[in-house]
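Structure first, commentary second.
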Amino acid sequence: MNSHLGKTILGLCLMIAMSVGLCSAEDKPVKWVTASNKMMQEVINKRVKQFEQEAGVKPVKQIPETQVEHSKKPDVIADEVLNKKDMALPDDPIIVNAGEVSSGQSTQYEKFIPGFPLSEEKVITLDECLKFAFDHNPDILTKRAVVAQQETKLRQVLSQYDPTLSLELSQTNSMNRTTPYKPAGSTQSLFNISQTLYDWDQRRQQYVATKESLEAVTLQLNAAWIDTAFSITKAYYDLIYYQWLVAIEKDDVDKAQNNLDVSKGFYRSGAKSKIDVTQAEIELNQSQIDLENAENNYRDSVYGLAKATGMDKSMVENRVTRNLLLVNSTIPQRDDAVRIMEKTHPAVINYMAFIRSSLSFAKAYEYQRHPTLAGQAYYGLEKNTQLDMPNMPFGDTWQVNVTLSFPIFRESVVYPKADEQRAIAEQYKGQMKSTILKYLDQIDSAYTDMFFSRNRERIADREVKTALLNYKLAYKRYKMGVSTIIELNYARDYLNQARKHYLSALYSRKNAEASLFNAIGQIDPQK
């Protein structure tokens, strides 16, 4: 009994002692951990200052400890960090004013993609390219020559309405076989005028057909110019795209070089291992390769714009473009676009002119079976003399003729030519339908691409914002020594890819807009 009571009292004493000991033990680790964190932070701060002095990197304010308390949610912490003014790194090349090379307007996207230094005398505009091509492009000059040829044919047809004037001078000598021989001669000076009085619309049909042909080839010239302007616009957008891509890759190289400098500073201070330096060097080499590829593509785009405009490449290279990728054009509704295409596109309505021309030529051939009424008049001086009587005076002579000609049989010539022109008209009808279907498909594809590109643009907008925040946080964490170079490289690569995605979305949208304007037969008025 007593032994059991003693054991019970001894057990209670041990439990009380253990509980007291545990409570005191819980306080000690907390105080020790807090002190240890402060000591570690001081060591890190000393190392950061050391490598900043060795690497020449400007110091960045450390994130206050209150912002990394575990009681706050990660998104709240990120918002607080992003709103701090000291988050913009002193030498950070992310925020560059791209508005300097835009059309003068300020946009919310200027900080997302690095811009270029701009000098007004080195700017090449799309208007300049179009104007040069209109005056010098070989394809346009060829089409203009075709129009000039057709204008000459129209003048030839119109000349049939003009009277024909002529002046004839003649001297005739003859010898009669008589006894004795009596030589004789005649001298004439005649002024002739002839005119077709009426031909039952033969000339009018030829004039109408030739005039329609002139309208058709003029529309062909306009259609060729729209296609040429479309090619130039696309080539200009290519040049903008690769100029921006080069700027993005240069910025990425700068970041990779900066990361390498930071890792070297850590390595010299003993805070990081050699692997960080190696990883940073690998990333820098890869960034330099990407930059070389972008610069090579930029040179190709220079040649492409020079070829499209007919310029020498020296007129294009080393010149910066306007930021037209940031310009939003006014886009018509789909049904309005289709109506504009069908009623105004030169490549469509030129077939209508060719159809009318062919049918008019068919009528002109058939009208050749009609009679023709023509008139002729001449007046002159004439002298008939014998050679032994040279002083015989001149006498007046004049004559008026009216001729009515009736073709007897011309069906074997007239009808085959008329049927040929009608067949040509049917061929033009088929080509016009095919062209309309082609442009309808181009219109639908353009609207689809614009819708897709605008969605991509919105997503890429958020992606770039996230990537900017992610890179700044990763850069801060690495400089504080609490992350690895791998995390920083991932953040840099993510930012680089996000910028490319955003640039690609802008580029795709502008190409889709250009394709739509080409399909409806217009040039982007907000180029």
Side-chain angles (χ1 to χ4, degrees), residues 126-162 202-235 304-312 340-365 417-439 442 514-515 517-524:
L126 181 55
D127 283 337
E128 177 186 349
C129 296
L130 293 175
K131 185 178 184 303
F132 187 92
F134 189 78
D135 295 332
H136 301 91
N137 186 276
D139 294 337
I140 301 303
L141 295 179
T142 301
K143 294 295 183 181
R144 286 182 179 176
V146 174
V147 174
Q149 293 175 8
Q150 198 63 32
E151 289 175 345
T152 303
K153 291 182 181 180
L154 184 61
R155 290 199 300 270
Q156 293 174 2
V157 173
L158 288 173
S159 66
Q160 297 179 8
Y161 287 91
D162 299 331
Q202 294 183 43
R203 291 174 297 178
R204 189 182 69 83
Q205 287 298 328
Q206 291 181 4
Y207 166 75
V208 171
T210 308
K211 183 180 178 181
E212 295 289 352
S213 295
L214 175 59
E215 180 183 354
V217 296
T218 303
L219 290 171
Q220 279 188 332
L221 170 62
N222 296 337
W225 169 239
I226 289 173
D227 288 340
T228 301
F230 175 56
S231 300
I232 294 172
T233 302
K234 289 187 63 178
L305 181 59
K307 180 180 178 181
T309 57
M311 292 180 175
D312 187 82
I340 292 172
M341 179 270 293
E342 293 177 342
K343 294 181 179 180
T344 65
H345 199 304
V348 173
I349 61 178
N350 87 89
Y351 287 115
M352 300 179 184
F354 274 126
I355 292 170
R356 293 192 299 267
S357 174
S358 298
L359 296 178
S360 296
F361 273 123
K363 289 184 179 179
Y365 284 124
K417 290 184 177 180
D419 292 339
E420 179 186 10
Q421 291 299 320
R422 291 192 180 93
I424 292 175
E426 292 298 323
Q427 178 184 355
Y428 285 136
K429 289 180 182 179
Q431 292 176 349
M432 182 179 68
K433 293 179 181 179
S434 177
T435 302
I436 290 175
L437 291 176
K438 181 189 75 172
Y439 285 130
Q442 186 172 336
S515 179
F517 281 110
N518 175 256
I520 64 178
Q522 296 181 4
I523 301 174
D524 187 354

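Residue Leu221 comes nearest to Ile140 through the heavy atom pair CD1-O, 3.9 Å, listed as atom of the first residue, atom of the second, then distance. Among all heavy-atom pairs drawn from Ile520 and Met341, the shortest one is CA-CB, 4.0 Å. Here the shortest heavy-atom pairing between Leu214 and Val217 reads O-CG2, 3.2 Å. Shortest non-hydrogen contact noted between Gln206 and Val157 is C-CG1, 3.7 Å.
In this structure, CD in Gln427 is found 7.0 Å from CD1 in Ile424, a value given to the nearest 0.5 Å. Between atom NZ of residue Lys307 and atom CG of residue Asn137 there is a gap of 11.5 Å, rounded to the nearest 0.5 Å. Atoms CG and CG, from Leu126 and Leu305 in turn, are 8.5 Å apart once rounded to the nearest 0.5 Å. Here the straight-line distance linking atom CD of Gln150 with atom CD of Gln220 works out to 10.0 Å at 0.5 Å rounding. Atom CZ of Arg422 is separated from atom NZ of Lys417 by 14.5 Å, given to the nearest 0.5 angstrom. To the nearest 0.5 Å, atom OG1 of residue Thr435 and atom NE2 of residue His345 are 9.0 Å apart.
Side chains of Tyr207 and Gln202 form no contact here, defined as non-hydrogen atoms less than 4.5 Å apart.
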Given salt bridge (Lys or Arg N to Asp or Glu O under 4.0 Å), test Lys143 with Asp139 step by step and report yes or no.
CA-CA 6 Å; Lys143 294 295 183 181; Asp139 294 337; over 6 Å; no
Passes salt bridge (Lys or Arg N to Asp or Glu O under 4.0 Å), Lys429 versus Glu426? Steps please.
CA-CA 5 Å; Lys429 289 180 182 179; Glu426 292 298 323; 3.3 Å; yes
List the steps and the verdict of side chain to side chain contact (heavy atoms under 4.5 Å, CB included) for Glu151 and Val147.
CA-CA 6 Å; Glu151 289 175 345; Val147 174; 4.0 Å; yes
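A donor-acceptor pair under 3.5 Å is absent between the side-chain atoms of Ser434 and the main chain of Gly430, judged by distance alone.
Judged as a salt bridge (Lys or Arg N to Asp or Glu O under 4.0 Å), and not counting sequence neighbours, Arg144 has no contacts.
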Donor-acceptor list for residues 346-365 side chains, cut-off 3.5 Å, not counting sequence neighbours:
residue : atom : partner : partner atom : Å
Asn350  : ND2  : Pro346  : O            : 2.9
Asn350  : ND2  : Ala347  : O            : 2.8
Arg356  : NE   : Glu212  : OE1          : 3.0
Arg356  : NE   : Glu212  : OE2          : 3.4
Arg356  : NH2  : Glu212  : OE1          : 3.3
Ser357  : OG   : Ala209  : O            : 2.9
Ser357  : OG   : Ser213  : OG           : 2.4
Ser358  : OG   : Phe354  : O            : 3.0
Ser360  : OG   : Arg356  : O            : 2.9

When the side chains of residues 224-231 are checked against the rest of the protein, which donor-acceptor pairs come out under 3.5 Å, sequence neighbours left out?
residue : atom : partner : partner atom : Å
Asp227  : OD1  : Asn518  : ND2          : 3.1
Thr228  : OG1  : Ala224  : O            : 2.8
Ser231  : OG   : Asp227  : O            : 3.1

